[in-house]
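Here is the structure we will look at.
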Amino acid sequence: MMNETEKTQKPQWAMAIDLDRCTGCEACVVACRIENNIAVVGPEESARDRSMNWIRIERYMEGEFPDVRVRFRPVLCQHCQEAPCEPVCPVYATYHTEEGLNAQVYNRCVGTRYCANNCPYSVRFFNFFDPQWPAPLEKSLNPEVSIRTRGVMEKCTFCIQRIRKGEEKARDEDRAVRDGDVIPACVGSCPTKAMYFGNIADSNSEVARLARSNRAERLMEDLGTEPRVIYLRKRDQA
Amino acid sequence: MRKLTAVISILFAATLTSGFMLFEAFSTSDGPRQPVEFDHWQHVSKEEGPQLECSTCHQYASASPNATIPSVSTCMVCHESINADSPEVKKLAAFAEREAEPPWVRVYWSEPSANVFFNHKPHIRAEIDCVACHGQVSQARRVKREVNHSMGWCIDCHSRKNASIDCYACHR
Amino acid sequence: MDRARDEQINRDLLRSVRETGWGWRIVVAISGMGLMAGVAAFAYQWQEGIGVWGLNRPVMWAFDITNFVFWIGISHAGTLISAILRVTGAGWRRPVTRCAEAITVFALMIGALFPIIHLGRPWVFYWLVPYPNERGLWPNFRSPLIWDFFAINAYLMGSLIYLYLPLIPDLALLRDTSRGLRKRIYSVLSAGWRGTALQWDRLEKAVRVMAVIIIPVAVSVHTIVSWDFAMAIQPMWHSTIFGPYFVAGAIFSGIAALIIAMAALRRVFHLENYLKPVHFNNLGLLLLTMSLIWFYFTFSEYLTTWYGNEPMEKAVFQSKISGPYSPLFFAMVACCFLIPAPMLAIKKLRTITGTVIASACVVVGMWIERFLIIVPTLSHPRLTFNWGSYKPTWVEIAIMTGSFSYFVLLYAVFVKMFPIVSVWEFKEGLASQTQPGPATDKKVFRAASGD
Amino acid sequence: MKRREFIILTSIGATGATLSACGNPENKLIPALIPDEEYVPGLDYWKSTSCEMCQAGCGLLVRTREHKANKIEGNPQHPVNRGSLCARGQAAVQSLYNPDRIEGPLRRAGERGSGRFENISWEEAFEELTAKLGEIKSRKESVGFLTGDASGVTGLAAEILASSLDNGRLIDAHGLNDLWIRAGYENAYHQPIIPSFDIANARYLISFGARFLETWRSPVSDSLAFGEFRGAAIRGKFVQVEPRMSLTAANADEWLPAAVGTESMIALALAQVIVREGLSKIPIQQNAFSLDDYAPEKTESATGIGAEKIIRIAREFASSQPALAIGSGTSVIEQQADAEAGLKRIEAIHLLNKIAGNEEKPGGVLLPLPGIDPFAKWRGKGRWLPLTGKSISGLSALLIHQSNPVFAIPHTADAIKSVPLIVSFSSFPDETSQIADLVLPDHTWFEGWNIKAAPSVKSGAVVNLTQPVVSPQLNTKQTADALLAVARSMGISPPFENAEEMTQQAASEIAKVAGATDAEEFRASFTERGFWTGKPGRIKGGSTPKSSSSEVIDEVASLAKQGHASEFPFILLTYEHPSLGFGNQANLPALQELPDPMTGVIWGSWVEINPQTANKLGVADGDLVEVETPHGSLKAPAVVYAAIRPEVIAMPFGQGHASMGRYAENRGANPATINPVAAALQSDTAAVRAKITKLSEQAAHIRFGTTLPERPHIER
């Protein structure tokens, strides 16, 4: 039986990504697309820079042949605790939940796109047109996730549908959430196990432990956005 | 002249109102016709009936997002022998024979465009009576939509019960 | 004042209302067609989705917000100028004020449309309005877009009142000189004006109060518009001088628009005796001042960015100075400073034609300035992996054309209905010239309103 | 008992038992065999099956709801992928619900290749096929079975059908590639094995062109090992030797861009340094190479890698234990000698492992555990031939399943087109099915049955079960069932009714191998988990023939063409696309829109060119270029790519489909047409001489993200 404060205190969700393990293989990108019903916009729209990837692998190539260095960084919504996107939304379509998630409510969104313009991480995606699912492709859609319409913003939710199920499971078992209860699609698919997800408020969780690592850094920490995604620097000898 | 205008406008308003009410009355007087005329009253409330609990058939309401409609095989557990020669049960048996589910018509649902992800489980856990959201189904011979599940209606109850009114509680 | 002169003035200034020439018809036809094109483009966008625009990730605002800021800027022409001149008692203002105030109202109406047009789901624009609802939902008062909503509404209301109040005596004049439906309309609009001393007194007071109120409102509106950008943390948006910079730019483009409008009216309605070279000269000097102020702001904005050398700011800076946006950047500098400033500084060139050319440059230059504030920043987000570019589609261009046409159309209709040079104020000016000292004898004007 | 109580009890007993008895009914792992009426709408059912997107054999859990599969996850218990899954596996649901699937059996209605077909019933299709095969049999002519599933149910069904015909020829679509790899390792180990490599426990890893994080043998399994390699207390060092930086090389601590074909020189130079510095762990008199010729000082001009670097790496390699060398490298193949040398390269690389003492220990090279063939009991004497020009010549009928040779191995297209009867079992309107006379669409692997041995893992052998997770969506039929049906009408009685029965009987066989006492219980748990792993109680050799390298070398030599360096100054590397593979996955929209991790290209193909070279040729990023080899030419947009040798250009396979549905058609170019050796081998190893010309036309070139450095370059 867990104690009362543990039960009432909301979990604070966070993700840790070990850049030393990440190989840039993009399994997470497809896992996310399938789990979250992210539309394939097609070649014409992609050519206009409108393709949507809630998580993407950013590739930075530096140096000249033969001394070329490549770095990969998976970038998803950082679920900032001081999110620049939140105050600018005129209708509260994006706001902060008690679990530290940066929420996007699709059917409240009017589509000012201000949030995307104020996101330093460029992780917000706009539905310029209605998504197309030529039959029978619509059968592969996840019934647990909204299908967005044109004119609304969308982005990573940390797989809220899985968070809800994990929390429900913990509640059924009358305990606080623990590592393994919630595994977002990207984390689950990662072939090198470079991603971790859990409750950072629980100091014994894996993410809390990794957040204390001396390799831990957050993307553009200097902006004061207080992201909930923790990157673990590469352990390069160099 | 003024009087006439007033009379006409009152009449007009009255016609509109009554027409609307009549329309309302007609349109909701009865629920949708189901492939098998299942009678909730007979199963739940009828004195000499089996007096089932809701959860006997909608058995996943307490454990999952969906209350679930029982499969024909569940119906056939009893109806294999009970009332096996009533025409409606025969229809049911025919479905069971074909291993097909009757194409039940949904009575309560939210439009997909509402992006609402309703979960029965926490509502049952909070001991919300089925009637609160579904009306007097137990008295109905044919179920109809009695409660209008508008967002304001949901919010109202959530606020009263101190449940979360966070957007992410229902929408995602 | 002699009666013949008085009637001549009435005839001249009411000619636009009384007579319908071919020039006016052609202007209305062309601008009407332009408006239809814009409306059709918007209907298409409404039907298909905002994807018919050239927006993309990361450039989520472009022509839409450029036009918004541009029109709100233009709206500073009028009210602010006429209010400042009125408050400071500049006598030469009299033939200019109404023309300027009308620009304000129409530019604001059009500017305020763009935030609605630019929405992904324009049909739910009313969610930005605070109204009680069963869902318990309110707009987010922390969002600069909501501040915009209030600021623009306040300014629009104020400007309408400020346009309307000095119009009342002229409306009465029109009421007294027209027949039929027009007479009915004017009598409603003139609100029972009979030109009593009390009425004059109240009108004067009201106009004076409005003139004082409208100045801070106007300043706040464009400051708040600038905060749409300055409150964001994007490179070259997050700048403290954006408030005054935008206000200065707004007045700058507003005066330019006013000069162009005056020149057009002068030409079309033969108002040579009323809109005189002196007005163009004075406004030209104002424009020159604003050009210098604009240049000062621009210079300090870019200098601090360059000197600060913060990589992300610098990336945006370089895209404007030497990158893909540099042709536009130098076009802007030329249009806003290099061409107009010398032209306006040289007295010989500060003619009507000269000021109109300078103004046309300024209007174009200021539109580019708005575009250059929005697009280069958005196309250079902090994570270089996401850098992008932007190209407009025909839909955006059509909507922009529509907005310009709508402005012209509204103006043309306004001119058709109301005297564009304030009749009583003009007469007041004449009176104050013949009788030095403050014009307290209202008889003159009573006569003007036609007995 | 009251009637009401009775109802409650029985209803729980009847329908609730499987689900509600286990507590939370969500997320229950249940066998795919659950009868339909036990479905409850609104609940998730996780069904175990096995991935057939590549040969690695990952275990899957498919989430279904209301009879629809909506997500695939790795099976956490499966020893190959331990819950992880790659991009291709994740996208597989889009093959099940692909809008361009063939909906039912078709008969050619127009000219061959016109793409006009008429719908027919399965009865008609069988009738026609049986009649035609009967005729061919009576004329004593040959019938070929070409399948990409030779080791699975289709292979066995084909063997059974072939036995009913006098001249049945079995052709394995992966055969040539398998033989090539086998022959290489056979050279190195003098026995017919393919070793496995313990990347996870190595502390130093040199890979010679093995793209193990993307496409090599088992990407997910190797990525898991790589994660452990990176995460270990002492971080391992990884060096990749290859002329073009792949995703794998991008993850290396050091990239050695050795010239094409000189990987073996690097390996031998490393070995030479180890030996001359007395760091060798074994006496080295008995090797085939005279190492002194490969001293780094002598080879540096050929390889392009400085001697100093080689000496340093050799010392690091010898002193970091355990260390491991893997891969096979690349080479330009223009004649028979090149093919032979290509096979020799594996030997050279593995000499390095021997010298450093890396064999048969954790973190080194492991000799494989004996494999299992679930169908060993029923195997006939029929030998599977590799897909070569020879094996498809002289046929009167060709039955093609899970293979698209007209696209993937274009030089076979003419031979295939000359076969009088072509029967395709393709699920998609691919190039091969377009020239078929009869199309009998197969189920996707979400709808059918299969059982197959996966490559062994450290802990033992693995046998995978593929089972239906949804009912057939269209009027398709599993090919094994179809073949058995035809075999029956040809007058023989196969030992199985259908594929399902084949898997069940094979499972019983595995139960014996596993030493399970209760075969029924074993089968139930096998079905529920979707795989079996363990150390076989008794060794079953299976039907792996001793490979003959001459077969491969002959085929390669017959395809190779000489090109003069003066005419073709560049070397074209053609490589497997990280997500589209050799083009089989080009019809999955999620993969088409998945940016290539190194270039960001989506929805198309590209040619990578070094910036220096591009500069010389006046080619800018996105310009259309023509690439010509002695075999032909194609057009593709250029990508100026810093991480490639100046004399090398590279192009991925995967695109260039003439038909395969809306997502694949008329997109990019197929390098198989200009590098037939690589196409025949279905591998990255064979390069070809090429020249490149800039064209004035504009290319359709779509990319995701920029190629800028992380911080903008600021001039101060």
Side-chain angles (χ1 to χ4, degrees), chain A residues 18 20-31 33-35 40-43 46-47 49 51 53 56-66 68-73 133-144 165 168-169 172 185 188-194 235-238, chain D residues 23-24 26-27 65 68-74 83-87 90-91 93-94 96-99 213-214 219-220 223-224 226-227 230-231 235 245 247 250-251 253 255 257 473 579 589-591 593-595 597-598 600 602-603 610-612 642-646 702 704-705 707 709-710:
Chain A
D18 188 342
D20 204 29
R21 281 180 173 232
C22 173
T23 65
C25 74
E26 298 187 324
C28 51
V29 180
V30 181
R33 184 182 295 281
I34 304 290
E35 171 73 12
V40 168
V41 298
S46 296
D49 284 341
S51 64
N53 302 271
R56 62 173 179 265
I57 307 291
E58 295 200 343
R59 168 201 62 252
Y60 293 109
M61 206 180 243
E62 281 164 13
E64 280 175 23
F65 181 85
V68 181
R69 296 290 296 171
V70 177
R71 283 179 191 280
F72 297 105
R73 187 195 288 276
W133 310 100
L137 216 46
E138 84 289 344
K139 287 188 184 168
S140 69
L141 296 179
N142 184 356
E144 298 271 315
K165 277 195 177 169
E168 198 62 45
K169 189 173 153 220
D172 279 346
S189 75
C190 182
T192 54
K193 308 265 185 220
R235 288 162 75 196
D236 281 335
Q237 295 95 329
Chain D
N24 185 359
E26 291 277 313
N27 311 338
R65 190 195 260 204
K68 288 179 278 191
N70 58 52
K71 182 73 173 61
I72 304 174
E73 309 257 302
S84 296
L85 197 58
C86 73
Q90 294 283 359
V93 274
Q94 296 193 329
L96 168 64
Y97 296 120
N98 198 290
L213 296 175
E214 307 151 73
V220 177
S223 294
L224 282 164
F226 184 72
R230 279 287 188 240
R235 184 180 190 267
M245 185 191 269
L247 175 75
N251 283 289
D253 299 295
W255 170 53
Q473 301 290 303
S579 53
L591 296 182
E593 206 159 293
L594 183 68
M598 297 307 291
I602 44 179
W603 294 103
N610 180 287
Q612 285 174 32
I644 189 168
R645 289 186 62 87
I702 310 167
F704 178 79
T707 50
E710 190 157 9

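Just so it is clear, the structure is predicted and the values come from calculations on it, not from any experiment. Reminder, nothing fancy here: chain letters follow the sequence lines and each chain counts from 1.
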Check whether [X] gets within reach of chain A through its side chain, its backbone, both or neither, counting any heavy atom under 4.5 Å.
X	value
D/Leu591	side chain
D/Ile602	side chain
D/Gln94	both
D/Asn610	side chain
D/Pro595	both

Mind running side-chain contact (heavy atoms from CB on, under 4.5 Å) on A/Ser189 and D/Glu73 for me, showing each step along the way?
CA-CA 7 Å; A/Ser189 75; D/Glu73 309 257 302; over 6 Å; no
Quick one: are [X] and [Y] in side-chain contact, heavy atoms under 4.5 Å?
X	Y	result
D/Phe704	A/Asp49	no
D/Leu594	A/Val29	yes
D/Pro611	A/Phe65	no
A/Lys139	D/Gln473	yes
A/Ile34	D/Val93	yes

Which of the residues [options] is involved in the greatest number of heavy-atom pairs with chain A at under 4.5 angstrom?
options	value
D/Lys68, D/Gln612, D/Met598	D/Met598
D/Ala590, D/Pro219, D/Gly705	D/Ala590
D/Gly74, D/Gly231, D/Ser579	D/Gly231

Should A/Thr23 and D/Glu214 be marked as a side-chain contact (heavy atoms from CB on, under 4.5 Å) after you check the CA-CA gap, both sets of side-chain angles, and the distance that decides it?
CA-CA 9 Å; A/Thr23 65; D/Glu214 307 151 73; over 6 Å; no
Check [X] against [Y] and note the closest heavy-atom contact, atom names and distance.
X	Y	answer
D/Pro597	A/Gly24	CB-O, 3.4 Å
A/Phe72	D/Asn251	CE1-ND2, 4.0 Å
A/Cys190	D/Ser84	O-OG, 2.8 Å
D/Met245	A/Val68	CE-O, 3.5 Å
D/Thr707	A/Arg59	CG2-NH2, 3.8 Å
A/Pro136	D/Pro99	CD-CA, 3.7 Å

Would you confirm whether [X], through its side chain, and [Y], through its main-chain N or O, come within 3.5 Å as a donor-acceptor pair?
X	Y	value
A/Glu64	D/Ala642	no
A/Arg21	D/Gly227	yes
A/Ser140	D/Asn70	no
D/Glu593	A/Val41	yes
D/Arg230	A/Cys22	no

Segment of [X] engaging chain D (4.5 angstrom heavy-atom cut-off):
X	answer
A/Ala47	both
A/Ile57	neither
A/Cys25	both
A/Glu26	both

Before you tell me yes or no, could you show the steps for D/Asn98 and A/Leu137 under side-chain contact (heavy atoms from CB on, under 4.5 Å), namely the whole-Å CA-CA distance, both residues' side-chain angles and the distance that decides it to 0.1 Å?
CA-CA 6 Å; D/Asn98 198 290; A/Leu137 216 46; 5.5 Å; no
Let's go through D/Leu224 and A/Lys193 carefully: what are the C-alpha distance in whole Å and the side-chain angles of both, what is the deciding distance for side-chain contact (heavy atoms from CB on, under 4.5 Å) to 0.1 Å, and is it a yes or a no?
CA-CA 7 Å; D/Leu224 282 164; A/Lys193 308 265 185 220; 3.7 Å; yes
Could you tell me which residues satisfy side-chain hydrogen bond (donor to acceptor under 3.5 Å, both in side chains) with A/Asp18, sequence neighbours excluded, listed by chain and number?
A/Arg215
Atom [atom1] in [X], atom [atom2] in [Y]: separation rounded to 0.5 Å?
X	Y	atom1	atom2	result
D/Trp255	A/Arg69	CH2	CZ	11.5 Å
A/Arg235	D/Asp253	CZ	CG	10.5 Å
A/Glu144	D/Lys71	CD	NZ	13.5 Å

Counterpart residues, ring-ring contact (aromatic ring centres under 6.0 Å, His included), relative to D/Trp603 (two or more places apart)
none
Taking every heavy-atom pair that is under 4.5 Å apart, which of A/Gly63, A/Gly42, A/Pro143 has the most such pairs with chain D?
A/Gly42
